[in-house]
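In what follows, every heavy atom counts, from backbone to side chain, and hydrogens, waters and symmetry copies are set aside. Note that the numbering runs from 1 along the sequence shown for the chain.
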Amino acid sequence: MGKYDLALEEARRELERQSSDIASLRDRAVTLLTIGGTLATILGGLATRGGAEVRPFTYAGVGLFCALAVVAVVVMTPRKVHFGQDPAKIIEAADVQGSSSDSLVRHMAEQMNEQYETNKPKVDQLTYWYTGAVVLFAAEVVALLLDLRGR
């Protein structure tokens with residue numbers, strides 16, 4: 001095992017984790033949107049059944065669902081992130097006269113670390129957007145339940 005192999009392994013693991021985090025956030029946003037839409041349909045339908053008047057909490061619930069939908073779409077929108085190595089750069093580094101296997105492994109680990117650092121703000125931003133979607137979902141449920149209360 002070369003002296004930089006552990007660094008390369010760890011860099012790969014971090015990039016794989018980032019990729020998994022993005023996929024998970026997108027999947028959870030789809031699920032949240034699906035559940036939010038289903039609840040809006042069921043609870044909103046119950047609140048307005050039989051021609052009952054539409055009250056402020058009904059509008060609030062619908063508005064919060066619409067906001068949730070927008071935020072969920074923001075989370076699901078593809079972002080430009082990098083999770084792999086550019087083969088041309090690897091070849092270029094390998095062709096440098098006197099480059100050893102260790103120096104090539106080090107170069108790859110450094111490149112992956114740069115990718116991780118470049119991706120990190122984008123992954124963090126998606127996490128904040130998803131957290132906002134969860135808050136909107138909770139507010140939607142509360143508004144629709146309050147609307148049902150007393151009907």
Query - Basic-acidic side-chain contact under 4.0 Å: Glu110, Arg106 - result: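 Yes, Glu110 and Arg106 are salt-bridged.
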Query raised in the report: Does Ala109 have any side-chain contact (heavy atoms from CB on, under 4.5 Å) partners at least two apart in sequence or in another chain, and if so, which?
Result: Ala7, Leu8
Do you know the tightest heavy-atom contact between [X] and [Y]?
X	Y	value
Leu64	Ala143	CD1-CB, 4.1 Å
Asn119	Leu15	ND2-CD2, 3.9 Å
Leu39	Leu144	O-CD1, 4.0 Å
Ala29	Val75	CB-CG1, 3.8 Å
Leu32	Val134	CD2-N, 3.7 Å
Gly61	Glu140	O-CG, 3.7 Å

**Report entry** Heavy atoms of other groups near Tyr59 OH, more than 12 under 6.0 Å
**Finding:** no
**Report entry** Result of checking Thr34, Leu33, Ile35 against Thr31 for side-chain contact (heavy atoms from CB on, under 4.5 Å)
**Finding:** Ile35
Does [X] have any salt bridge (Lys or Arg N to Asp or Glu O under 4.0 Å) partners at least two apart in sequence or in another chain, and if so, which?
X	result
Arg26	none
Glu9	Arg13
Arg28	none
Arg17	Glu14, Asp21

Query raised in the report: How is the hydrophobic cluster of Val142 composed, in terms of its other members, when Ile, Leu, Val, Met, Phe, Trp and Tyr link through side-chain heavy atoms under 4.5 Å apart, directly or indirectly?
Result: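 Its cluster partners, ordered by chain and number, are Phe57, Leu146.
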Requested in this report: May I ask you to list the residues sharing a hydrophobic cluster with Val135, side-chain cutoff 4.5 Å, ordered by chain and number?
Outcome: none
Query raised in the report: For residues 121-134, which residue pairs qualify under side-chain hydrogen bond (donor to acceptor under 3.5 Å, both in side chains), counting only residues two or more places apart or in two chains?
Result: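 For residues 121-134: Lys120-Asp124.
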Check side-chain hydrogen bond (donor to acceptor under 3.5 Å, both in side chains) between [X] and all other residues, then give those that pass, not counting sequence neighbours.
X	result
Glu92	none
Glu114	none
Asp27	none
Asp102	none

